[in-house]
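One structure is given here, and the rest of the page talks about it.
FYI, side chains are in, hydrogens and waters are out, and symmetry mates aren't considered; it's all heavy atoms of this structure. Predicted, not measured: the structure shown is a model, and the values here were computed from it.
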Amino acid sequence: MGVQSPNLARIKKTCRALGVPTIDLSLDRNLISQQIIKACEEYGCFRLINHGVSKSIISRIEEESFDFFAKPAMEKHQAGPPNPFGYGCKTIGFHGDMGELEYILLEANASSVSQRSIILSNDPAKFSCVVNDYVQAVRGLTCDILDLVAEGLCLRDKSVLSRLIKDAESDAVFRVNHYPPFDQTPKVLNPAHKFQLHDDKTANNGDSSRVGFGEHSDPQILTILRSNDVGGLQICSRDGLWIPVPPNPTEFCVLVGDTFQALTNDRFKSVRHRVMANSNKKPRLSMMYFGAPSLNARICPLPQMVSSHNPALYKPFTWCEFKKAAYSLRLAGRRLDLFMYNYNKKTVTE
């Protein structure tokens with residue numbers, strides 16, 4: 001019997017992992033729902049075309065974002081530090097995680113955006129209008145996707161998932177990340193101190209490139225991500241390989257979050273992802289809508305996802321409890337493990 005060479009095995013493994021699926025929302029609804037479910041099961045993410053969000057809404061939010069990040073560092077820092085909302089530079093979270101970026105983090109509701117716009121823009125009314133238009137559009141898209149999932153899973157209540165996002169008290173968040181090119185970092189970011197990121201060569205398939213935003217999963221239900229034409233996003237496949245997601249400004253990238261994993265009892269897995277530091281000649285700009293339930297929403301596996309052969313893996317928790325757990329760990333922490341029935345402390349990175 002012949003033995004497959006390690007190199008050939010690796011090539012086949014890589015080929016099997018490549019190619020994040022692209023889903024066209026203009027196709028037949030039944031087909032779309034099955035494609036979304038398959039993508040969530042196999043990759044934890046997919047790319048979305050013909051999504052219905054207008055080019056005007058997208059171009060306006062991109063223009064406002066670039067206008068803000070072009071401001072002098074001192075002026076930008078007046079909108080921070082993020083606690084957790086506001087302007088941030090290099091520091092990610094509260095536990096020492098760092099990145100090659102600057103960002104704006106906002107609550108995704110109209111009143112909060114309007115209030116924050118006063119310190120973020122010279123034209124607060126325009127800024128808040130642009131952000132709220134974008135948030136409203138991608139919130140609607142998120143709800144459409146969740147309804148399609150409910151149909152594909154044959155859930156009796158087809159709005160059981162989207163209602164979590166439509167809730168007036170939804171704790172959704174909107175974030176814009178700006179990754180300047182390496183050679184412009186001192187001019188644009190004006191960091192308070194220098195640091196050296198640890199290069200994980202094995203995690204990057206032998207590439208010792210610097211990481212711009214470290215490996216993590218998103219704690220919410222779904223993330224709707226859009227970037228300009230500068231690459232950097234990578235997802236970790238089920239095979240443990242890092243897959244680059246080519247940038248396309250006309251598409252959205254949809255990522256499964258930890259809460260969705262809990263709701264589906266691990267049928268869907270939240271996707272671990274990262275962004276490599278920007279070595280392009282132009283800045284990378286990405287914007288994320290993190291669809292989340294209200295703070296008091298009770299999260300547990302959907303009844304249809306549980307059976308005698310597939311018992312519930314997670315204890316019931318509120319989004320507030322889970323959010324606190326997410327903030328208590330480092331960026332790469334696997335906070336969902338804290339809520340497993342067979343919880344093992346060794347699986348969680350503190």
Side-chain angles (χ1 to χ4, degrees), residues 22-27 29 32 36 45-71 76 79 85 87 101-148 162 165-166 168 170 172-180 220 222-233 245-255 275 278 280 282-292:
T22 299
I23 296 176
D24 185 345
L25 275 189
S26 68
L27 300 179
R29 190 171 180 87
I32 296 170
I36 290 176
C45 82
F46 54 92
R47 300 163 73 178
L48 205 60
I49 61 174
N50 292 320
H51 42 70
V53 179
S54 75
K55 293 180 180 178
S56 173
I57 288 176
I58 293 172
S59 63
R60 288 170 64 209
I61 187 68
E62 184 172 276
E63 181 181 355
E64 288 294 322
S65 299
F66 273 127
D67 283 350
F68 173 80
F69 290 116
K71 290 181 177 182
K76 288 184 290 188
F85 302 106
Y87 169 76
L101 80 162
E102 56 181 345
Y103 59 90
I104 303 170
L105 188 62
L106 300 170
E107 294 176 278
N109 67 72
S111 59
S112 179
V113 169
S114 179
Q115 184 177 2
R116 289 276 177 183
S117 296
I118 296 172
I119 58 175
L120 289 170
S121 174
N122 298 327
D123 189 345
K126 179 185 177 185
F127 184 89
S128 61
C129 180
V130 169
V131 172
N132 286 325
D133 284 350
Y134 183 84
V135 166
Q136 184 177 355
V138 292
R139 178 190 290 123
L141 178 61
T142 304
C143 292
D144 290 342
I145 293 169
L146 292 175
D147 286 344
L148 284 162
S162 61
I165 306 298
K166 291 178 179 177
S170 166
V173 174
F174 177 62
R175 181 182 185 116
V176 183
N177 288 344
H178 181 251
Y179 300 85
Q220 294 86 358
L222 276 184
T223 300
I224 309 296
L225 182 152
R226 186 264 175 190
S227 69
N228 63 346
D229 57 354
V230 177
L233 175 65
V245 180
N248 186 329
T250 67
E251 298 179 348
F252 285 109
C253 188
V254 181
L255 309 175
V275 177
N278 182 16
N280 202 292
K282 61 183 291 188
R284 170 180 166 85
L285 186 78
S286 60
M287 50 196 72
M288 289 70 61
Y289 170 80
F290 300 98

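- Taking the charged nitrogens against the carboxylate oxygens, D229 and K282 do have a contact shorter than 4.0 Å, which makes a salt bridge.
- Two residues are said to be in side-chain contact when any heavy atoms from C-beta on lie closer than 4.5 Å; T22 and F46 fail this criterion.
- In this model, a donor atom of one side chain and an acceptor atom of the other lie less than 3.5 Å apart for N109 and S111.
- Atoms CD1 and CG, on I57 and D133 in that order, are 5.5 Å from each other to the nearest 0.5 Å.
- The shortest heavy-atom contact between K166 and C143 is CG-SG, 3.5 Å.
- Taking the charged nitrogens against the carboxylate oxygens, K126 and E64 do have a contact shorter than 4.0 Å, which makes a salt bridge.
- With contacts defined as side-chain heavy-atom distances shorter than 4.5 Å, the pair V138/F252 qualifies.
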Verdict with reasoning, V275 to N177, per side-chain contact (heavy atoms from CB on, under 4.5 Å)
CA-CA 10 Å; V275 177; N177 288 344; over 6 Å; no
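- Put simply, the side chain of S65 reaches to within 4.5 Å of the side chain of L285, judged on heavy atoms.
- The backbone N or O of E102 sits nowhere less than 3.5 Å from a side-chain atom of K76 that would complete a donor-acceptor pair.
- A salt bridge is defined here as a Lys NZ or Arg NE, NH1 or NH2 lying under 4.0 Å from an Asp or Glu carboxylate O, and E107 with R116 fails to meet this definition.
- The two atoms that bring R284 and N228 nearest to each other are CA-OD1, 3.7 Å, heavy atoms only.
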Does the pair N248 and T250 meet the rule for a side chain to side chain donor-acceptor pair (under 3.5 Å), with working shown?
CA-CA 5 Å; N248 186 329; T250 67; 2.6 Å; yes
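- Between M287 and L225 there is no side-chain heavy-atom pair separated by less than 4.5 Å.
- Looking only at side-chain heavy atoms (C-beta outward), L48 and L25 come within less than 4.5 Å of each other.
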Evaluation steps, side-chain contact (heavy atoms from CB on, under 4.5 Å), between R29 and D147:
CA-CA 11 Å; R29 190 171 180 87; D147 286 344; 4.1 Å; yes
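- Between Q115 atom CD and S128 atom OG the span is 11.5 Å, to the nearest 0.5 Å.
- At least one side-chain heavy atom of F66 sits less than 4.5 Å from a side-chain heavy atom of P283.
- Considering only heavy atoms from C-beta on, F69 stays 4.5 Å or farther from P180 through its side chain.
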For the pair I61 and V131, evaluate side-chain contact (heavy atoms from CB on, under 4.5 Å) and give the outcome as yes or no after the intermediate values.
CA-CA 6 Å; I61 187 68; V131 172; 3.7 Å; yes
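- Test L141, V173, I165 against Y289 for side-chain contact (heavy atoms from CB on, under 4.5 Å) and you get one pass: I165.
- Rounding to the nearest 0.5 Å gives a distance of 11.5 Å between CZ of F174 and CZ of R139.
- A pairwise comparison of heavy atoms in Q220 and G291 identifies CB-O, 3.2 Å as the closest pair.
- A cation-pi arrangement is present between R175 and Y103, with the terminal nitrogen or guanidinium carbon under 6.0 Å from the aromatic centre and inside a 45° cone about the axis.
- R226 has its side chain within reach of I58: a pair of non-hydrogen atoms, C-beta onward, lies under 4.5 Å apart.
- Taking the centre of each ring, F127 and F68 stay at or above the 6.0 Å mark.
- For the atom pair I23 CD1 and E251 CD, the distance stands at 11.0 Å (nearest 0.5 Å).
- Remark: L106 CG to F85 CZ distance equals 8.0 Å, nearest 0.5 Å.
- For the pair S227 and P247, the tightest heavy-atom approach, listed with the atom from each and the gap, is OG-CB, 4.1 Å.
- Nearest approach of A110 to N132, heavy atoms of both residues: CA-OD1, 3.3 Å.
- Within the model, atoms CG of L255 and CD1 of I224 stand 8.0 Å from one another, a figure rounded to the nearest 0.5 Å.
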